[in-house]
Structures are given as C-alpha cells and as structure tokens.
Amino acid sequence: MAAPMSNVDEIRKRVILSEFGVRNVHTTDYPGNYPGYDDAWSLQKFKKNFRIEVVHMDDTSMEFDMIGVDAALANAFRRILLAEVPTMAVEKVFVYNNTSIIQDEILAHRLGLIPIKADPRLFEYRNAGAEFRDEEGTEIDTIQLQLKVKCTRNPRATKESSDPRELYLNHMVYSKDMKWVPIGNQADVFADAQIGPVHDDILLAQLRPGQELDVVMHCVKGIGKDHAKFSPVATASYRLLPEITLLQTVEGEKAERLKRCFSPGVIELENRGGKQVAKVVNSRLDTCSREVLRHDDLKNLVKLGRVRDHFIFSVESTGILPPDVLVTEAISVLVAKCQKFLNELDSTEME
Amino acid sequence: MARKETETKPVLEMVQADGADEGCVTFVLHEEDHTLGNSLRYMVMKNPQVEFCGYSIPHPSETKINFRIQSRGGVPATDLLRKGLKDLQDAAQHVRTTFEAKVMDCKDQPQGPMQ
C-alpha cells in the first residue's frame, strides 16, 4: 500500500472514481489556483516530466503511453488523428456501364469507403473551384482507378451443379479488380509503389451472367472532417491509467472476492503467513468497471482512481499509412495550425 | 478569363469593445473547433498574466470559435495569444521529437519493448 497522497496532490493529479460519480475531472493546475505551487507554463519543466513509452507496435496498430501531458493536448491529437490527417479516397465515380443489381449511387458510396494505398504526402489537394471550372484532375492531385468486370456463364460447369462459384465466372466483384490507371508521369514516379486498394478481398458487388460493371474512379486528397472515408484510422482512442489503492490489508475469502471484482490479472493473492492476502499487481489491465463498489463490505477497502496525466493511446490504422507515421503527421498538423495563426498575427501586426 | 476573385476569407478577426484597453480582446478564429480551441485555451491559461481565458463555439454549424483573453496588468492580449500559440507549438514539437525517437528505438530492437 503506497503512502496516502495529500489532499491537494490528489486533487491535482488524480481523477477519483466513486460509487455515484466521477470526481476531480477537470484540470485545475493553472497559475494562482494553488498557493505555493508554480503552475506557469515552462517548456523546461514539461520536457523534464514528459515521457513516451511504446507498448506495442506493428504495421496496423500501435499502443503507446503519453505521460506528462494534459488532456487538452492529448484530445487534440486524438481529434486530429480521426479527422484532420489527409488521405486519398475515391471521390468521383464515372459510371460507363452498370447493369448489376447494385444501384450506381450505392456502388459509388461503397467505392468511396475503400482505403486506397497511396501516400497522401506525395499528392496535393485539388483546387476547390476546379470542379466548377470543369478541369480534369492532374497527375499531382488525382489517382485514376478502373473497375471493369463482366460476368459470364461458365461453359465447363456440370449440368446439375447449383454452386454459383462453379456456374458463373466473375460473379463476385472484389476490390482486387480495381486497377490503377496511371495519369501523366505517375507511371514513372510511382513505378514500384503499388497504388490500389489496401485490401484485396472487399466484396463490392455480385453479378450474374450478362451483367457488367464498367466504372472509372478519381481519387483525391481529403480529410476526415469533410467525409469519414478520408479518415486514416480505423479508430484512435485513449484512456487514462487506472490506479487502485488498497486502504487496508484484505485477506482470506474477502481477498478472493476482491480479486474477482477486477479484470483478470489486476489483483493477485499472495501467501503471507499462511493467509491469502490481496495485492495490486497490474492496475493497467483494469477496465474500471467499479464492480467492487457494488459490494458493501468491499467498497471501503479500495480507492479507485485514474492518473490524470498518463494517457494510454491506441491507434489502429486502416493500412494506408503505418500508425507511427499517422501520429507524427497528426502532431505536425497541430504544429501547422499554430503556425498559421502565428503568421496571421504577424501579418496583421505589420499593417 | 473573367472569374470571381478568390475570396480572401478571414482566418483571424479581433473584436474589441470600444474604449476598453488592449488587454481584453475576443478573437474569432475561422475554420477551427475544439481541437485547437481547447488546447490553446489550456496553454493561454497557463500564463500567469492571464486573468481570463475561454472559448466558445457560437453555432455548431459554423466552424468558428470565439476565443476571449483578458489580461492582468495591461499586457496586450495579442501578445498573450502569440505566446500561447508559440508554447503550444513548442510543446507539440517536443512531443513529436520524443515520439519519433522512441519509435526509432523500438524499431531498432526487435526484441525490445515491443510485444
């Protein structure tokens, strides 16, 4: 059991989970709020306290801890990951022939949601008024893809079979049928990068003999704020590190019940002097269900809380960009936003 | 080719009550929402020369925020805003460098902290 925190420390550093609500939620460490504390912003102090720990990282998802930062900043990163990191996605679908059962607009909607593996940093945004002036997409801002599938009857199928996989050829249209059509010098610039959908096995439509799909798609660069298809993450979320403090020694049968109230692995029982005593082993695994507060005899034995400045981020990418690149891009977007307003302030000062 | 002049949309406006000093200004930031609003508010509030700082979104359908700063001791509010933006930018840049360094470490040791 750690030494109890002073009241003030607790208000400053912990969010308290109590039976009927969550207390101490808001950040209060602004200058002047606490006598004796110097809460003014200092980059030195921030650099000293700030840490990042990467827990897990692979091609599609990562989990990392950001410690020493405030919720406002962490939330800004999360919001930018979801809505303001640009990607390429299908925007215009030119339907030359669609005799399938899927309506044009439904098909276009589905095509827009498919993640396109193209590094958005190598492309420009399309000019806002370009569509009205009827300008074709150029090679620096558009990727052209083509989907051309015709379903036919399989001449080699046996007479009695009823399995569509045997009877028909090309009756399932997958995203792997979307082929990249290079415009301009894209064939040279992106010679080795395979531009196309991230996943090959997304089912777009089903066809029967005689039906065909002939569609040309233009992909542009956009952000999630405009349309969710441009969001580069499957999701990005964070949670605060839980903290469980045992206020008294809990032994025997109560210890067993206490262990069951938390997620597995949080509380373990150790043998001390012949008795089973509960010990908090890994509070990070807890999902904070506050189950222990539902039991009258257990609820006064523990104190549940969360560490206010320890964020456990979980970023899952859709596959367009690796998750560490996404986080770096998101932070760069915030830096650029600040720069934009700094420039604006400086230019109005000059006038 | 005659075409409409590309609109010079204002990005930042200042609204000041007549007669009030330079220390109390409401800035209207266009094309912004809670992402910048809350993080900037936190940074400006961390400045001991700020008496009041808050932001609001006048209508959810319009992407602009009203950001109000009132200073203590007659400091011009634009200076406080500038300091807040600079601090936010420095903090974000530090986060980025630390993160990139940590990711680089992780990639170098395949058996390291990664599971």
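Throughout, a chain's letter reflects where its sequence line sits, starting with A, and its residues are numbered from 1.
The candidate from B:Val95, B:Thr98, B:Leu88 with the greatest count of non-hydrogen atom pairs under 4.5 Å with chain A is B:Val95. The candidate with the highest count of non-hydrogen atom pairs below 4.5 Å against chain B, out of A:Val69, A:Leu43, A:Asp70, is A:Asp70. In terms of non-hydrogen atom pairs under 4.5 Å with chain A, the most contact-rich of B:His34, B:Glu100, B:Gln93 is B:His34. For the set A:Ala71, A:Ala83, A:Ala72, the count of heavy-atom pairs under 4.5 angstrom toward chain B peaks at A:Ala72. If you tally non-hydrogen atom pairs under 4.5 Å between each of A:Leu334, A:Leu342, A:Leu73, A:Ile80 and chain B, the highest count goes to A:Leu342.
The residues B:Lys102 and A:Asp65 are annotated as not salt-bridged, no charged nitrogen and carboxylate oxygen being separated by less than 4.0 angstrom. Salt-bridge annotation for A:Glu10 and A:Arg12: absent, with no side-chain N of the basic residue lying under 4.0 Å from a carboxylate O of the acidic one. Salt bridge A:Arg79/B:Asp33: present, at least one basic N to carboxylate O contact under 4.0 Å. Comment: A:Arg121 engages A:Glu329 in a salt bridge, judged by a side-chain N to carboxylate O separation of less than 4.0 angstrom. Ion pairing between a basic and an acidic side chain is recognised when a charged N comes within 4.0 Å of a carboxylate O; A:Glu243 and A:Arg14 show such pairing.
B:Leu85 touches chain A through backbone and side chain together, each having a heavy atom under 4.5 Å away. Using a 4.5 Å cut-off between heavy atoms, A:Asp38 makes no contact with chain B at all. Interface remark: A:Phe341 contributes backbone and side-chain atoms alike to the contact with chain B (heavy atom separation under 4.5 Å). Proximity to chain B is limited to the side chain of A:Thr27, based on heavy atoms less than 4.5 angstrom apart. Contacts between B:Gln89 and chain A at a heavy-atom distance below 4.5 Å involve backbone atoms as well as side-chain atoms. Residue contact with chain B, scored on non-hydrogen atoms closer than 4.5 Å, is absent for A:Glu63.
Under the 3.5 Å distance criterion, the side-chain polar atoms of A:Asp141 are matched with a main-chain donor or acceptor of A:Thr138. Side-chain atoms of A:Thr87 never come within 3.5 Å of backbone atoms of A:Pro232 as a donor-acceptor pair (strictly under, hydrogens ignored). The main-chain N or O of A:Gly265 is never found under 3.5 Å from a side-chain atom of A:Asn282 such that the two would form a donor-acceptor pair.
Cation-pi geometry between A:Lys221 and A:Tyr125 is satisfied (NZ or CZ under 6.0 Å from the ring centre, within 45° of the ring normal).
At a heavy-atom separation below 4.5 angstrom, chain A is approached by B:Thr78, B:Leu81, B:Arg82 within residues 61-84 of chain B. Proximity to chain A among residues 38-60 of chain B is limited to B:Asn38, B:Ser39, B:Arg41, B:Tyr42, B:Met43, B:Met45, B:Lys46, B:Asn47, B:Pro48, judged by heavy-atom separations below 4.5 angstrom.
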Item to check | B:Glu32 and A:Lys337: CA distance, side-chain angles, deciding distance, salt bridge (charged side-chain N to carboxylate O under 4.0 Å, His left out) verdict | outcome: CA-CA 9 Å; B:Glu32 289 302 334; A:Lys337 273 191 204 263; 3.1 Å; yes
Next on the checklist: Apply ring pair (Phe, Tyr, Trp, His ring centres under 6.0 Å) to residues B:Phe99 and A:Phe64 and explain how you reach the verdict.
Outcome noted: CA-CA 9 Å; B:Phe99 179 78; A:Phe64 66 96; 5.0 Å; yes
Next on the checklist: Set out, in order, the CA-CA distance, both residues' side-chain angles and the distance that settles side chain to side chain contact (heavy atoms under 4.5 Å, CB included) for A:Val85 and A:Phe230, then state yes or no.
Outcome noted: CA-CA 8 Å; A:Val85 178; A:Phe230 292 115; over 6 Å; no
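Counted by atom type alone, A:Thr60 and A:Ser317 present zero donor-acceptor pairs between their side chains at under 3.5 Å. Checked by atom type, the side-chain pair B:Arg96/A:Thr328 shows no donor-acceptor distance below 3.5 Å.
Side-chain atoms of A:Val233 and A:Leu326, non-hydrogen and from C-beta on, do get closer than 4.5 Å to each other.
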